[in-house]
Amino acid sequence: MRLIIAEKPSLARAIADALPGNAQRQDGAIVCGDTTVTWCLGHLLEQAAPEAYDPADKQWRLDRLPIVPSTWQLAPRPKARGQLAVIRKLIKQAKEVIHAGDPDREGQLLVQEVIEHMKYRGPVQRLLISDLNRPAVSRALTTLRSNAEFQPLYQAAQARARADWLYGINLTRAWTLTGRQAGHDGVLSVGRVQTPVLGLIVRRDNAIRDFVPHPFYPLWVDLQVAQGQLRAWWVPKEHQPLDDQGRLIDRAPADALAAQLPGATGELTQLEQQEKRQAPPLPYSLSALQVDAARRHGLSAQVVLDICQRLYEQHKLITYPRSDCRYLPEDHLPLAQRSLSGACQNDDTLRQWLDGADFSLRSKAWNDKQVGAHHAIAPTGKPADLSQLSATEGQVFRLIVRNVMAQFYRPLRTFEVKAEFTLLKEAFRARGQSILDPGWKPLFTTREETPPLPPLTQGEACQALGADVEEKETRPPEPFTDASLIKAMMNIGRYVDDPAVRRTLRDTDGLGTEATRAGIIETLVQRGYLIRKQKALRATRLGTALIAALPSAVSTPERTALWEQRLRAIAEQQDDAYAFQQALLEDLRSLLTHSDAGKLKHSLQTAQGEAGGVAKRTSQTGKRYVRRKSPGGRKKTTTKN
């Protein structure tokens with residue numbers, strides 16, 4: 001018997017539908033001739049609790065930290081025992097096992113840890129599926145690979161899981177117990193990803209709260225030139241009173257100059273004119289889609305992820321959604337017209353876009369060298385009946401189709417002009433843009449572009465018609481939203497001060513992964529560290545206090561982003577999982593020395609932030625904490641990053 005183990009039931013059903021013969025359903029499996037398809041239900045196993053290694057660690061005690069397993073153990077999740085029993089029975093009968101986890105690091109871990117937990121020693125092959133439609137699954141079944149090729153990916157995922165356990169269990173216990181000494185009755189959860197994300201928001205909120213506005217005074221002049229009029233803005237010289245952005249902060253020089261300008265003559269001293277071509281935006285990765293859907297439709301990152309899972313699993317309208325890639329395989333290009341035609345046939349907006357597409361074009365999106373374990377999110381080609389989708393599902397589906405469709409539109413061509421005029425020995429700048437060919441632009445609703453300038457010639461004369469000084473005020477940074485936070489997590493190097501570390505982080509995946517970023521945000525909300533105020537994400541007093549009490553190294557992004565870099569190196573066989581863990585333990589022991597009840601008490605008493613308590617926890621959104629009446633106090637069943 002050949003046994004295929006899928007990551008989830010929807011994938012198992014898609015595989016069974018693509019196999020020859022009549023499918024017969026059994027408890028926890030589907031039999032198709034000599035092949036049986038079974039499934040996991042997400043992670044069936046989890047890292048064992050500390051007390052599984054030593055009963056003394058059931059109680060939370062500072063003198064027991066750090067807790068470091070000598071031999072790692074996995075335990076069945078509470079609701080997984082039935083399905084594990086099904087797999088155990090089937091795997092004993094199997095002559096060959098096929099691993100059909102999702103095509104990413106976590107998918108590799110999820111199924112392989114079950115196979116190894118069952119102590120199966122026979123041959124294992126790997127089935128990679130990113131499209132649940134039957135033709136795509138059938139093709140995938142003909143291109144199986146040896147699971148041994150993916151052992152480094154498994155080792156990286158396993159190293160991540162163990163490191164998260166070490167980091168979360170030990171730091172959460174340390175700061176929770178310190179919190180009790182400081183008078184806080186509750187778990188203070190610390191995680192290697194969630195805490196730096198919280199730190200980003202706390203620091204942004206502090207910057208907004210501490211912001212002191214100051215006025216600045218831009219001066220404009222309307223100029224008559226040979227073929228029309230334009231508005232230019234004064235560029236103050238360095239000796240003028242300027243802020244760090246080059247803005248004038250004393251009105252007197254601007255008023256004095258404005259009084260002299262009407263009627264003054266000058267000339268165009270610098271002129272830059274160039275045609276620019278802008279390629280269409282690439283197809284979406286999950287994070288890029290979450291950013292756009294939040295900006296355009298106000299959808300939270302978690303809502304977008306949930307919608308994508310339904311479009312993928314239930315409706316089978318899109319390819320694998322938890323992708324970090326924005327490129328498509330080159331062999332998909334010949335199939336693109338057919339798949340887009342299918343996706344668009346039942347929607348007027350999509351059909352209109354399809355009518356304008358030129359399928360003889362080829363954009364840079366089709367690039368095998370940029371495609372890794374999975375490719376950008378794309379429509380499968382199955383006809384979409386948008387009347388069967390919710391309004392938000394339709395919105396997200398249109399975005400996905402649009403970004404693939406845009407690859408068959410011409411580039412946006414613009415003519416951009418930068419001009420500098422000199423009057424009264426002072427510089428005034430103007431810029432404009434005209435659209436030569438809108439290309440893909442009509443598919444996107446974007447802000448208005450800079451209006452064009454009249455035709456200009458280097459050295460031509462100009463005359464000031466009128467001038468005025470505006471009074472403006474500096475504005476604080478904007479609070480984070482789902483869109484801007486996801487973007488910050490993707491581009492975390494921008495929030496790092498050290499130039500060397502920033503350079504190192506440019507090629508990493510940032511904070512979290514495509515599959516986890518939405519969940520991280522929701523976890524912080526559920527744990528009472530964040531609240532949503534309209535579209536903004538704001539830190540609560542509890543979240544602000546925790547960040548203030550932790551060492552800055554725990555709440556800044558450098559460590560976790562460098563973790564991701566090392567995990568990627570392990571997956572690419574350029575680093576060692578054991579060395580990674582040893583470096584983590586050395587770091588962890590140092591961090592534990594910083595837990596300070598006095599500092600935490602002060603931060604809890606003085607913290608600013610939004611009022612908010614811990615939201616009700618559910619099995620879908622977070623781990624559950626259980627209160628035990630024992631000398632060890634409150635116990636946490638597990639720690640989730």
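- Atom CD of Gln24 has 12 or fewer heavy atoms from other residues, nucleotides or ligands within 6.0 Å.
- Listed by first and then second residue, the salt bridge (Lys or Arg N to Asp or Glu O under 4.0 Å) pairs that reach into residues 82-97 come to none, sequence neighbours excluded.
- The minimum heavy-atom distance linking Pro20 with Cys32 is given by the pair O-CB, 4.0 Å.
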**Study point:** Step-by-step side chain to side chain contact (heavy atoms under 4.5 Å, CB included) determination, Asp482 to Gln290
**Key:** CA-CA 8 Å; Asp482 277 74; Gln290 287 169 321; over 6 Å; no
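- Counting only heavy atoms from C-beta outward, the side chains of Asp102 and Tyr320 approach each other to under 4.5 Å.
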Review point. What's the verdict on side chain to side chain donor-acceptor pair (under 3.5 Å) for Gln573 and Gln155, showing C-alpha distance, side-chain angles and the deciding distance?
Key: CA-CA 10 Å; Gln573 297 182 280; Gln155 290 170 346; over 6 Å; no
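- A distance-only check finds no donor-acceptor pair linking the side chain of Ser285 to the backbone of Cys325 [under 3.5 Å].
- Thr172 places a side-chain N or O within donor-acceptor distance of the main-chain N or O of Gly168, the cut-off being under 3.5 Å.
- Between Pro196 and Leu511 there is a side-chain heavy-atom pair separated by less than 4.5 Å.
- When the side-chain hydrogen bond (donor to acceptor under 3.5 Å, both in side chains) test is applied to Gln395, no partner is found at least two apart in sequence or on another chain.
- Note that OH of Tyr312 and OG1 of Thr380 are 10.5 Å apart. Values are rounded to the nearest 0.5 Å.
- With contacts defined as side-chain heavy-atom distances shorter than 4.5 Å, the pair Arg105/Arg568 does not qualify.
- Ion pair Glu106/Arg160 flagged as a salt bridge, since at least one NZ, NE, NH1 or NH2 atom sits closer than 4.0 Å to an Asp/Glu carboxylate oxygen.
- Annotation: side chain of Trp39 is not in contact with side chain of Ile15 (no heavy-atom distance under 4.5 Å).
- Here the side chains of Pro50 and Ile169 are in contact, with some heavy-atom distance below 4.5 Å.
- Put simply, OG1 on Thr38 and CD1 on Ile4 are 11.0 Å apart, with the number rounded to the nearest 0.5 Å.
- A distance-only check finds a donor-acceptor pair linking the side chain of Glu330 to the backbone of Asp368 [under 3.5 Å].
- Legend: salt bridge (Lys or Arg N to Asp or Glu O under 4.0 Å) pairs involving residues 573-589, not counting sequence neighbours, sorted by first then second residue: Arg559-Asp587, Arg566-Asp575.
- Sequence neighbours left out, the pairs with a member in residues 10-20 that pass side-chain hydrogen bond (donor to acceptor under 3.5 Å, both in side chains) are Ser10-Glu313.
- Minimum heavy-atom separation, Val190 to Leu550: CG2-CD2, 4.2 Å.
- Side chains of Arg64 and Gln59: no donor on one and acceptor on the other come within 3.5 Å.
- Side-chain atoms of Lys382 come within 3.5 Å of backbone N or O of His315 as a donor-acceptor pair.
- Between Ile400 and Pro379 there is a side-chain heavy-atom pair separated by less than 4.5 Å.
- Side chain of Asn403 to backbone of Leu282: a donor-acceptor contact under 3.5 angstrom is found.
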Exercise for review: Using the side chain to side chain donor-acceptor pair (under 3.5 Å) rule, take Gln194 and Tyr529 through it: C-alpha gap first, then chi angles, then the decisive distance, then the call.
Suggested key: CA-CA 10 Å; Gln194 70 168 40; Tyr529 297 147; 5.4 Å; no
Point to revise | Worked check of side chain to side chain contact (heavy atoms under 4.5 Å, CB included) between Thr516 and Val193 | key: CA-CA 10 Å; Thr516 62; Val193 178; 5.7 Å; no
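- Within a 6.0 Å sphere centred on CG of Asp331, other residues, nucleotides and ligands contribute more than 12 heavy atoms.
- In this structure, Ile521 CD1 and Gln302 CD are separated by 9.0 Å, a value rounded to the nearest 0.5 Å.
- Here the CG atom belonging to Asp324 is positioned 9.5 Å from the CG atom belonging to Leu286, to the nearest 0.5 angstrom.
- Between Val111 and Cys40, the closest heavy-atom pair is CG2-SG, 4.3 Å.
- A donor-acceptor pair under 3.5 Å is absent between the side-chain atoms of Thr319 and the main chain of Ile377, judged by distance alone.
- Judged by distance alone, the side chain of Gln574 and the main-chain N or O of Ala569 form no donor-acceptor pair under 3.5 Å.
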Practice item. I would like to know whether Arg326 and Gln370 meet side chain to side chain donor-acceptor pair (under 3.5 Å); could you show each step before the answer? Key: CA-CA 8 Å; Arg326 299 197 68 176; Gln370 296 289 344; over 6 Å; no
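- The structure places CD1 of Ile91 at 10.5 Å from CG of Leu84, a figure rounded to the nearest 0.5 Å.
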Exercise for review: Take Gln407 and Lys364, measure what side chain to side chain contact (heavy atoms under 4.5 Å, CB included) needs, and give me the verdict at the end.
Suggested key: CA-CA 8 Å; Gln407 309 313 308; Lys364 63 181 180 180; 5.8 Å; no
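- Formation of a donor-acceptor pair under 3.5 Å by the Gln125 side chain with backbone atoms of Ser146 is not found in this model.
- Checked for salt-bridge contact, Arg192 and Asp164 meet the test: a charged N lies under 4.0 Å from a carboxylate O.
- In this structure, Arg77 pairs ionically with Glu46, as a charged nitrogen and a carboxylate oxygen lie closer than 4.0 Å.
- For Gln314, the side chain to side chain contact (heavy atoms under 4.5 Å, CB included) test picks out Arg310, with sequence neighbours left out.
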Review point. Between Leu311 and Val396, is a side chain to side chain contact (heavy atoms under 4.5 Å, CB included) present by the stated rule, with each step listed?
Key: CA-CA 9 Å; Leu311 292 175; Val396 172; 4.2 Å; yes
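- At least one donor-acceptor pair closer than 3.5 Å links the side chain of His99 to the backbone N or O of Gln108.
- Applying the ring pair (Phe, Tyr, Trp, His ring centres under 6.0 Å) test to residues at least two apart or on different chains, none of the pairs has a partner in residues 114-136.
- Considering all non-hydrogen atoms of both residues, Leu305 and Ala515 come closest at CD2-O, 4.0 Å.
- For the residue pair Tyr154 and Glu116, the shortest heavy atom distance occurs at OH-OE1, 3.3 Å.
- Using a 4.5 Å heavy-atom threshold, the side chains of Leu3 and Gln93 count as separate.
- The two residues Leu141 and Leu144 make their nearest non-hydrogen contact at O-CG, 3.7 Å.
- Within the model, atoms CG of Leu485 and CG of Leu200 stand 6.5 Å from one another, a figure rounded to the nearest 0.5 Å.
- The backbone N or O of Arg126 lies less than 3.5 Å from no partner atom in the side chain of Asn147, so there is not a single donor-acceptor pair.
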Point to revise | Evaluation steps, side chain to side chain donor-acceptor pair (under 3.5 Å), between Arg517 and Ser287 | key: CA-CA 8 Å; Arg517 286 177 184 135; Ser287 290; 2.7 Å; yes
